[in-house]
Amino acid sequence: MKPKPAQAAKPAPAQAGKPKPARATKPKPARAAKNAHPPASKPAPANPEAAVEESPSPATIRVAEWVATSRDNGSLPYAIIDKNAASLVLFNAKGKMLAKVPVLIGVAVGDDASPGIGSKNLAEIGPAEKTTPAGRFLAKFGLAAGKQKVLWVDYATSVALHPIPPGAKKKERRRERMLSPAADDNRITFGCINVPKVFYGKSLSPLFQKKGGYVYVLPDTKPIEEVFPRLRVQDLASAPTL
């Protein structure tokens with residue numbers, strides 16, 4: 001008998017039905033990383049309680065260096081107010097800068113308090129008398145009219161440091177003035193110094209609460225050496241020798 005030819009192996013049967021085309025999968029959007037910055041489409045609302053980020057003025061730096069070097073603050077915390085820059089810089093007793101915030105000050109330009117102004121009612125104070133006097137003051141907490149607790153900068157002339165009063169007239173726009181980057185519109189008070197409420201409660205008050213502290217108010221028009229004569233000594237000490 002003739003041997004039968006070897007049968008070719010049958011190919012594996014194809015899967016029934018037409019092959020389905022591969023589905024196009026949509027790429028999944030990448031997940032935002034944690035703590036990623038939100039889109040900058042809407043700016044954050046301005047906050048009058050936030051500290052000002054700009055550096056202190058040259059005059060503020062000059063006075064701060066003198067106070068720290070001479071220890072003029074007597075181991076007490078202190079604040080330096082630059083009226084021309086409408087700013088306050090807060091330091092602890094060791095001279096470390098803690099915060100810088102905007103302030104509202106007296107309407108009138110001037111560095112001296114009017115004689116007898118401390119005994120006048122607000123209605124009796126004329127526009128030219130609404131000054132924030134310049135100088136070095138030992139400030140302590142005490143009560144004002146209506147038993148409101150304030151930091152008295154100069155009790156004799158009724159100059160206090162406190163937040164914007166709740167009863168301030170809306171037309172004065174004190175909060176808007178404090179927010180403004182310009183310094184000229186920060187002159188609105190009768191002579192007192194208004195500061196942001198959060199700063200007053202959380203930063204300044206705890207430092208000045210027990211023993212008080214010093215407030216150095218820089219002048220509007222007078223030479224700074226006339227208001228702080230010891231600056232001349234500091235300048236001579238820091239001058240290079242020939």
Side-chain angles (χ1 to χ4, degrees), residues 46-113 130-139 151 153-154 159 161 174 177-189 191-196 199-200 203-204 207-208 212-242:
N47 180 8
E49 310 294 356
V52 179
E53 296 180 357
E54 291 81 4
S55 299
S57 66
T60 298
I61 293 174
R62 184 183 176 192
V63 172
E65 290 177 348
W66 157 59
V67 174
T69 302
S70 64
R71 298 181 181 178
D72 184 78
N73 59 312
S75 300
L76 292 175
Y78 57 99
I80 300 176
I81 296 172
D82 187 338
K83 292 191 288 179
N84 289 318
S87 66
L88 178 152
V89 182
L90 180 66
F91 299 84
N92 66 12
K94 295 183 179 179
K96 180 182 178 181
M97 178 178 165
L98 302 178
K100 179 177 180 289
V101 295
V103 295
L104 301 180
I105 55 175
V107 171
V109 174
D111 298 315
D112 297 309
K130 298 177 182 179
T131 60
T132 299
R136 172 183 181 269
F137 305 94
L138 178 57
L151 181 66
V153 175
D154 188 19
V159 175
L161 190 154
R174 294 199 182 195
R177 290 171 182 270
M178 190 172 283
L179 275 171
S180 170
D184 293 343
D185 61 357
N186 288 45
R187 296 181 180 270
I188 189 62
T189 75
C192 285
I193 302 153
N194 291 173
V195 295
F199 165 79
Y200 181 80
S203 299
L204 187 140
L207 282 180
F208 283 66
Y214 282 94
V215 175
Y216 299 85
V217 183
L218 309 190
D220 283 320
T221 58
K222 287 183 177 182
I224 194 169
E225 296 85 1
E226 182 178 337
V227 178
F228 307 109
R230 294 182 184 178
L231 278 175
R232 296 189 180 96
V233 178
Q234 177 70 16
D235 292 343
L236 290 173
S238 59
T241 56
L242 299 177

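- Of the possible donor and acceptor atoms, none in the side chain of Asp82 sits under 3.5 Å from a partner among the backbone N and O of Ser87.
- To the nearest 0.5 Å, atoms CG (Asp112) and OG1 (Thr132) are separated by 12.0 Å.
- If you take CZ on Arg71 and CG on Leu76, they are separated by 13.5 Å, rounding to the nearest 0.5 Å.
- Rounding to the nearest 0.5 Å gives a distance of 10.5 Å between CZ of Arg62 and CG of Leu218.
- Within the 4.5 Å cutoff, no side-chain heavy atoms of Ile105 are placed close to those of Val217.
- Closest approach of Ala134 and Pro219 over heavy atoms only: CB-CA, 3.7 Å.
- The two residues Pro196 and Pro102 have their closest heavy-atom pair at CD-O, 3.4 Å.
- Scanning all heavy atoms of the two residues, the minimum distance from Ser57 to Thr60 falls at OG-OG1, 2.8 Å.
- Minimum heavy-atom separation, Arg187 to Asn84: NH2-OD1, 4.0 Å.
- The structure places CZ of Arg177 at 4.0 Å from CD1 of Ile188, a figure rounded to the nearest 0.5 Å.
- Panel note: side chain Asp111, backbone Thr221; a donor-acceptor pair is recorded below 3.5 Å.
- Contact annotation: the side chain of Leu161 approaches that of Leu204 to within less than 4.5 Å [non-hydrogen atoms, C-beta and beyond].
- Partners of Asp72 by side-chain hydrogen bond (donor to acceptor under 3.5 Å, both in side chains), not counting sequence neighbours, listed by chain and number: Arg136, Tyr216, Arg230.
- Contact between Phe91 and Gly95 at its shortest, heavy atoms only, is CD2-O, 3.5 Å.
- In summary, the side chains of Asn194 and Thr189 do not present any donor paired with an acceptor at a separation below 3.5 Å, with no hydrogens or angles considered.
- Of the inter-residue distances, the one linking Ile80 atom CD1 with Phe228 atom CZ reads 8.0 Å to the nearest 0.5 angstrom.
- Taking the side chain as every heavy atom from C-beta outward, Leu98 and Ser203 never approach each other to under 4.5 Å.
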Open item on the list: As a quick check of understanding, evaluate side-chain contact (heavy atoms from CB on, under 4.5 Å) for Asp154 and Val215, giving each step before the final call.
Closed with: CA-CA 10 Å; Asp154 188 19; Val215 175; over 6 Å; no

Open item on the list: Please evaluate residues Leu90 and Phe208 with respect to the criterion side-chain contact (heavy atoms from CB on, under 4.5 Å), reporting the C-alpha separation (whole Å), side-chain torsions for both, the decisive distance (0.1 Å), and the verdict.
Closed with: CA-CA 11 Å; Leu90 180 66; Phe208 283 66; 3.8 Å; yes

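- Contacts of Asn73 classified as side-chain hydrogen bond (donor to acceptor under 3.5 Å, both in side chains), with partners at least two apart in sequence or in another chain: none.
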Task: Phe199 and Leu88: CA distance, side-chain angles, deciding distance, side-chain contact (heavy atoms from CB on, under 4.5 Å) verdict - done: CA-CA 11 Å; Phe199 165 79; Leu88 178 152; 3.5 Å; yes

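- For Asn186 (side chain) and Met178 (main-chain N/O), no donor-acceptor pair under 3.5 Å exists by modelled atom type.
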